[in-house]
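Reminder, nothing fancy here: chain letters follow the sequence lines and each chain counts from 1. Hydrogens, waters and symmetry mates play no part in the numbers below; they use all other heavy atoms, side chains included.
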Amino acid sequence: MPELPEVETIRRQLEHRVVGASIADAGAHWSDKFSPAVEVVGGEIMSAHRRGKYLLFDLDHGVPTELIVHLGMTGRLAVHDARDETDLTHPHLRAWWRFDDGRLFTFHDIRRFGRIHVVDAGRYGEIPTLYHLGPEPWDAAFTGRALAAFVKGSNRYLKTILLAQRAVAGIGNIYADEALWMAGINPANRRLSAQRADRLVETIRAALQSGLDHGGTTLRDYVDSDGETGANQHELFCYGRAGSPCHRCATELRSRVLDARTTTYCPRCQAR
DNA sequence: CCAGCAGCCTGAAAGC
DNA sequence: TGCTTTCAGGCTGCTG
């Protein structure tokens with residue numbers, strides 16, 4: 001489940017391998033989730049950015065164009081040496097791009113929760129979550145005040161607001177549970193004081209920074225574009241630890257389902 | 001506009 | 001052992 005730290009880890013690895021490459025050929029799975037990949041044939045990759053969990057490749061394709069990739073749950077991007085014999089019939093291969101130097105850029109996605117879009121640069125209207133995406137977690141616009149305003153304007157669970165990508169970009173289930181545990185806030189709260197909002201902004205940044213520092217969290221499927229697992233799963237305080245003792249107070253961590261998301265929390269440190 | 005939720009997907013793990 | 005069921009979950013799009 002690539003979230004911001006996993007996507008950023010991949011972006012950093014890909015950047016120096018794809019920038020400057022010209023796309024000579026491409027292919028894609030028939031689904032319209034992936035088929036737009038072929039529209040960038042003839043383009044040159046100018047840069048590789050990230051917004052939230054989206055990878056954004058700027059292309060010169062006559063007009064400024066963006067190739068947008070969301071990894072979903074199990075998406076993997078990799079660049080293969082020209083000598084590699086990459087199997088273009090692999091059952092999980094959803095899209096591929098052949099560079100004019102012979103290298104192959106591939107997108108594998110077992111569960112097909114990923115998505116590929118090609119748009120005129122900056123035209124995100126057909127991608128609702130990206131269109132409405134909130135600030136990056138380290139953006140000056142992401143403040144306790146701004147987060148508190150989002151919570152006040154909504155009647156949803158606090159955790160659901162964090163996952164919705166509007167108040168802040170890039171948080172998924174793992175880092176939401178981690179940040180809420182670190183802040184000592186119950187995920188099912190529907191209100192947030194100014195003081196707690198400031199604290200939650202800090203812990204969101206801390207949880208994501210830990211993920212970045214450890215190359216991402218690998219629970220099932222995540223590997224970076226070199227096929228390496230992350231190490232942040234060894235640093236988790238809360239996510240996936242239901243039934244185990246809280247690292248702060250030794251109370252048994254509990255899990256419940258909030259809006260169809262498994263949520264782990266400490267019933268004592270994160271009392272409502 | 002909002003909240004809530006089904007549906008998309010597959011393989012691993014658990015249950016029988 | 002082998003078959004069936006459950007689970008994981010980000011995002012989209014539908015419903016009320």
Among C:dG13, C:dA8, C:dG10, which is the nearest nucleotide to the side chain of A:Y239? C:dA8
For a quick check, tell me whether the side chain of A:R261 and the base of C:dG10 share a donor-acceptor pair closer than 3.5 Å. yes
Which residue, A:D84, A:V79, A:L77, A:L93, forms the side-chain contact (heavy atoms from CB on, under 4.5 Å) with A:T106? A:L93
For atom CG of A:L55 and atom C1' of C:dC11, their distance in whole Å: 16 Å
Touch check for A:T160, heavy atoms < 4.0 angstrom, all strands: base, sugar-phosphate only, or nothing? nothing
Does NZ or CZ of A:R115 come closer than 6.0 Å to the centre of the six-membered ring of A:F34, within 45° of the ring's axis? no
Atom CZ of A:F34 to atom P of C:dT12: distance rounded to whole Å? 13 Å
Between A:E136 and A:R51, is there a salt bridge with N-O shorter than 4.0 Å? yes
Protein-nucleotide distance (A:H108, atom NE2; B:dT10, atom P), rounded to Å: 15 Å
Check whether any side-chain N or O of A:K33 sits under 4.0 Å from OP1 or OP2 of C:dT12, and answer yes or no. no
Looking at A:Q165, does any N or O in its side chain come under 4.0 Å of the phosphate oxygens OP1/OP2 on C:dC11? yes
What residues in residues 147-155 of chain A put a non-hydrogen atom under 4.0 Å from any atom of DNA chain B? A:S154, A:N155
If you only use heavy atoms from C-beta on, which nucleotide in C:dG9, B:dG4, C:dT12 is closest to the side chain of A:R156? B:dG4
When the ring planes of A:F99 and A:F105 are compared, do they come out parallel, tilted or perpendicular, using 30° and 60° as the limits? tilted
Tell me which donor-acceptor pairs under 3.5 Å the side chains of residues 197-205 of chain A have, and how far apart each pair is, sequence neighbours excluded?
residue, atom, partner, partner atom, Å
A:R199, NH1, A:E202, OE1, 3.3
A:R199, NH2, A:M182, O, 3.3
A:T203, OG1, A:A179, O, 2.9
A:T203, OG1, A:L200, O, 3.2
A:R205, NE, A:P137, O, 2.6
A:R205, NH2, A:P137, O, 3.1
A:R205, NH2, A:D139, O, 3.4
A:R205, NH2, A:F142, O, 3.0

Looking at A:E15 and A:R12, does any basic side-chain N land under 4.0 Å from a carboxylate oxygen? no
What nucleotide, of C:dC11, B:dG11, B:dC8, holds the atom closest to the side chain of A:Y54? C:dC11
Between atom CE in A:M73 and atom P in C:dT12, what is the gap in whole Å? 15 Å
Indicate whether OP1 or OP2 belonging to B:dT10 is found under 4.0 Å from a side-chain N or O atom of A:R112. yes
Both distances under 3.5 Å, Watson-Crick or G-U wobble: on that basis, could you give the dot-bracket string for DNA chain C, with [ ] for crossing pairs and | for other-strand partners? .|||||||||||||||
Between B:dG4, C:dT12, C:dG10, which one does the side chain of A:E3 approach most closely? C:dG10
May I ask you to list the residues of residues 253-260 of chain A, by number, that have any heavy atom positioned under 4.0 Å from an atom of DNA chain C? none
Under 4.0 angstrom between A:H70 side-chain N/O and C:dC11 OP1 or OP2: yes
Applying a strict under-4.5 Å side-chain criterion to I, L, V, M, F, W and Y, I'd like to know whether A:L4 and A:Y175 cluster together. yes
Is the A:Y124-A:Y54 ring centre distance short of 6.0 angstrom? no
So, is A:H92 close to the B:dC9 phosphate, meaning a side-chain N or O under 4.0 Å from OP1 or OP2? no
Residues two or more places apart in sequence or in another chain: which of them pass ring pair (Phe, Tyr, Trp, His ring centres under 6.0 Å) with A:H214? none
Counting heavy atoms from C-beta on, name the nucleotide in B:dG4, C:dG10, C:dA8 closest to the side chain of A:L163. C:dG10
Can you tell me if A:T262 touches the phosphate of C:dG9, counting only side-chain N or O atoms and a distance under 4.0 Å to OP1 or OP2? yes
Tell me, please, which residues at least two apart from A:K159 pass salt bridge (charged side-chain N to carboxylate O under 4.0 Å, His left out). A:D177
